[in-house]
Asks: 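A single structure is presented below for examination.
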Amino acid sequence: MTIEWGWLTTHTDDLLALTLDHLATAVPAVLLGLLIALPLAVVAHRVRPLRGLLLGISNIMFTVPSLALFVLLLPITGLTRTTAIAGLTVYTLVVLLRNTVEGLDSVPAKVREASLAMGRGSLGTLVKVEFPLALPVIMAGVRVASVMTISLVSVASYIGYGGIGQLFTDGFQRSFPTPVLAGVVLTLLLALAADAVLVVVQWLCTPWIRKGARA
Amino acid sequence: MIRFESVTKRFANGTTAVDDLSVEFLEGGITVLVGSSGCGKTTTLRMINRLVDPTSGTVSLGGRDVRELPAAQLRRGIGYVIQQAGLFPHRTVLDNIATVPTLLGWGRRKARARAAELLEVVGLAAESGKRYPHQLSGGQQQRVGVARALAADPPVLLMDEPFGAVDPVVRTLLQDELIRLQAELRKTIVFVTHDIDEAVRLGDRIAIFRTGGHMVQIAPPAELLARPADDFVAGFLGAERGLKLLSLISLQDVPYEPIAAVRTTDTAAQARAEATGRWLLAVSPDGKPAGWLDVHALDGSDSIGQAALTPVRGLTDADSLLSALNETVSSPTGMAVRVDAAGVLVGASRDDVVHAHQRSLA
Amino acid sequence: MDLLSKLVAWLTSAGQWAGSEGIAQRLFEHVEYSLLSTLVAALIALPIGLFIGHTGRGAFLAINLSGFGRALPTVGIVTLVFLVSGLSMTPVYISLVALAIPSIVTNTYAGMAAVEADTKDAARGMGMTGLQSLWRVEVPLAAPLIMTGLRLATVQVIATATIAAYVSFGGLGRYIFDGLAQRDLTQVMGGAVLVAALAVAVDLILAGIHRVLFRHRLT
Ligand SMILES: Nc1ncnc2c1ncn2[C@@H]1O[C@H](COP(=O)(O)OP(=O)(O)OP(=O)(O)O)[C@@H](O)[C@H]1O
Ligand SMILES: [Mg+2]
């Protein structure tokens, strides 16, 4: 395989633009997934009968091939970025729902009871006690979802919103490996960077774990 | 005989767990290692079966350096019992016990037969052999742990806080069981514990360790309690050191005298006739002490069978001076009631006699 | 709802199932690709996971490998290998195997790491050699998690094996790519439903086997 390094230097602007385009699809998908997953997780955590149903449906959604999902959305949202974001949101939703339920489950019942006993309401306990304590597990889910989404965006290149993934289609059609390799490496680097950023965010959000680790 | 010669263990992180230890553990006896947490007891124990290798010095077993044999072969000849038993959760109790015989190539049937035999030895129902470890109580699991260590009949047994995770009642039961087994098997046992009372009960000799991996003193329990080497040892033995010493002295040499008693089947009139004071000892029809009878509380009723009795504990010659003192304090007459091995009343020792005997020892 | 009835008709027509281009044949190909890839991945990943779990060496790799596996863009890998090696099933198998390896390594390692130190200690203390402890104690105890890893990998591979069609081979992905090219939405949906159904069915079967195998276990 011959890599044409020259191609890289002449296309840095394109690579940057594609990376930004990639993020413009990935970031909303993760945020939207989180926005939907949190309340659903609370329901699944509190209402036992719904729990199996919600987790079961989301597990089945996870097995639908991503390309097929994008296509299925086409009649509804058309050839737009919305289709790409909506499709990816389904996958982030599954991961985040699973982890958030797991995180809420991991909060000891005693801690919840202590908060209720001190006169905090159910909602207050959820926001001030349960979510913070579940945060490490939820954040682990956000990391998994982000890395996975960044790699999945490239599939959306079939509908024109693949970000870095456009390099794959491009290279495939022209039988030119250099952009494909650049795309793979760039995707991996972006996933790594996103993961690193999230580790820092988690570190900032959980001062109690930091102190514990130092002691 | 297990022998340590100038043994030092320094871990990779710089911790010195055992520092220049030279000691011999007697053959056919129980040596108990005690000391505060992290003082190197476990490390010492694990250097015997080579789960830890010393940084310097030699450990020998029966005159042979433990490094002469391949580690696995050495370990098959040494029983090893740990806290929470370390049972294999995926094997039945019977298979757990049969582990070492199987490793030694005994064949499945012979190994299982031996395992079944050991279930009985450690006081477990044959039926429990088919269960999985998590279906047993903590105390039962410990028994399985002991049975597993005994399976190939090794001459040496290493026990690391084996009874640390069970409640005091079960712990006492397991200790009794170990004492009974040891009287029969005469193994060389090295036993680690945090519980000084357990050490005094079980140990033929007790070795006290201090943080930093130093052994401060090794002596039979009575000598250790009577003459602790320094303040550290004295502090470790606790404020009731004197009382613990009394727990080691038997009642064999404490005299007793006959005592008047009524049977629980006798009538109130008979009791009143027999009584010289307020309290009278009542015995069951088979002659075992039943309790102290308060004669003043008897009304005209015919039998004393229904009367409330103050509890009494009959002591044998094997019981300790400490329990006799306890009886003189708790019985309403200040008398320690004495029984024979079958539990039948033989007499009583008055409190002044018990005290006099205790003073004569000092 | 017009689409739905067309989809049902597509899925249930006898003609659609028969022949060398029929659903039955595509299903068979899909299963063949998936099984072969998972098998090869297992042959590579299990020894690695067992080695890392048993020795504790390379734990960092085992923990982070699954993240790396998730980050790998499958389409990119297929395209790249295809451009390098030419038209064959090799690019498909390479990407599917690469996809499956991380889950198996990570779960095998996790299963081995979850075996209690006391249990391993007891095994060594009773005179088991390293290999005896591995086969008689660690692997049986790690088996449920190892099995979960295999199950996860299988389902992932089934859902992704559609890419075989991307480089002109068979499998259920054929319907998705052909449907896209022919602008035949019914066919695309049919393919998607079949893949999802296959993945769910295999997942359920493996879950059932799991339950039967480990019914004596505490957890
Ligand atoms: N594998 C190891 N690596 C590093 N340090 C160790 C290791 N094992 C033990 N140590 C250290 O060596 C010292 C002695 O440990 P050891 O386990 O022998 O203590 P112990 O007397 O059995 O304590 P405990 O009563 O708590 O069981 C401790 O400071 C311990 O932290
Ligand atoms: Mg210890």
Side-chain angles (χ1 to χ4, degrees), chain B residues 42 45-52 69-92 95-105 130-136 141 144-145 147-152 154 156-162 164-165, chain C residues 46 49-60 107-151 207 209-219:
Chain B
T42 296
L45 197 74
R46 288 159 67 92
M47 284 193 289
I48 300 170
N49 66 0
R50 286 188 57 195
L51 284 174
V52 172
L69 282 178
Q73 198 182 329
L74 170 84
R75 290 175 193 146
R76 287 171 200 175
I78 301 176
Y80 185 51
V81 190
I82 56 179
Q83 188 173 351
Q84 313 271 20
L87 300 178
F88 301 136
H90 63 302
R91 313 296 303 273
T92 61
D95 285 339
N96 260 286
I97 300 176
T99 306
V100 180
T102 310
L103 286 173
L104 289 170
K130 290 191 290 284
R131 298 210 219 157
Y132 285 89
H134 68 86
Q135 296 170 315
L136 301 182
Q141 289 182 21
V144 177
R148 189 174 65 172
L150 288 173
V156 177
L157 222 52
L158 308 179
M159 309 180 84
D160 194 351
E161 299 185 42
Chain C
L46 283 177
L50 290 178
F51 177 83
I52 296 176
H54 182 63
T55 61
R57 261 177 283 175
F60 177 82
N107 274 274
T108 304
Y109 165 75
M112 299 282 288
V115 178
E116 288 203 27
D118 265 359
T119 308
K120 285 189 269 193
D121 213 59
R124 281 211 306 149
M126 282 189 302
M128 289 195 190
T129 61
L131 273 181
Q132 282 171 331
S133 165
L134 179 70
W135 289 120
R136 296 182 185 206
V137 178
E138 293 166 57
V139 170
L141 285 174
L145 263 179
I146 296 177
M147 175 91 187
T148 303
L150 288 171
R151 194 176 132 199
I209 293 176
H210 191 109
R211 211 162 296 149
V212 171
L213 280 181
F214 305 118
R215 63 184 178 284
H216 289 305
R217 298 301 171 86
L218 189 50
T219 43

Asks: If you take all heavy atoms of B/Y80 and C/G125, which pair is closest and at what distance?
Replies: CD2-CA, 3.8 Å
Asks: Would you give the length of the straight line joining atom CG of C/D118 to atom CD1 of B/I82, rounded to the nearest 0.5 angstrom?
Replies: 4.0 Å
Asks: Which heavy atom of C/T129 sits nearest to which heavy atom of B/A72, and what is that distance?
Replies: CG2-CB, 3.9 Å
Asks: Is any side-chain heavy atom of C/R136 closer than 4.5 Å to a side-chain heavy atom of B/T99?
Replies: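 With C-beta onward as the side chain, the pair stays apart.
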Asks: So, taking the atom named CE in C/M128 and the one named OG1 in B/T102, what distance separates them when rounded to the nearest 0.5 Å?
Replies: 8.5 Å
Asks: What part of B/L51 gets within 4.5 angstrom of chain C, counting heavy atoms only: side chain, backbone, both, or neither?
Replies: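 Both the backbone and the side chain of B/L51 come within 4.5 Å of chain C.
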Asks: Would you mind telling me which of B/L158, B/V100, B/N49 has the largest number of heavy-atom pairs within less than 4.5 Å of chain C?
Replies: B/V100
Asks: Which bit of B/L104 comes within less than 4.5 Å of chain C, counting heavy atoms only: side chain, backbone, both or neither?
Replies: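 It is neither, since no heavy atom gets under 4.5 Å.
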Asks: Tell me which pairs pass salt bridge (Lys or Arg N to Asp or Glu O under 4.0 Å) where either residue lies in residues 77-91 of chain B, with sequence neighbours left out.
Replies: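 Qualifying pairs: B/R91-B/D95.
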Asks: Compare every heavy atom of C/A122 with every heavy atom of B/G86, then report the nearest pair and how far apart it is.
Replies: O-CB, 3.3 Å
Asks: Please name the pair of heavy atoms, one in B/R76 and one in C/G127, separated by the smallest distance, quoted to 0.1 Å.
Replies: NE-O, 2.7 Å
Asks: Based on non-hydrogen pairs under 4.5 Å, which of B/R46, B/R75, B/R50 is most in contact with chain C?
Replies: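 Heavy-atom pair counts peak at B/R75.
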Asks: For B/L87, which atoms come within 4.5 Å of any heavy atom of chain C: side chain, backbone, both, or neither?
Replies: backbone
Asks: Please look at C/A123 and chain B and tell me whether the side chain, the backbone, both or neither of the residue comes under 4.5 angstrom of a heavy atom of that chain.
Replies: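 When you check distances to chain B, atoms from both the backbone and side chain of C/A123 fall under 4.5 Å.
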Asks: With a 4.5 angstrom heavy-atom cut-off, could you sort out which part of C/Q132 is near chain B: side chain, backbone, both or neither?
Replies: side chain
Asks: Does atom CD of C/E116 have more than 12 heavy-atom neighbours, drawn from other residues, nucleotides or ligands, at distances under 6.0 Å?
Replies: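 No, not enclosed.
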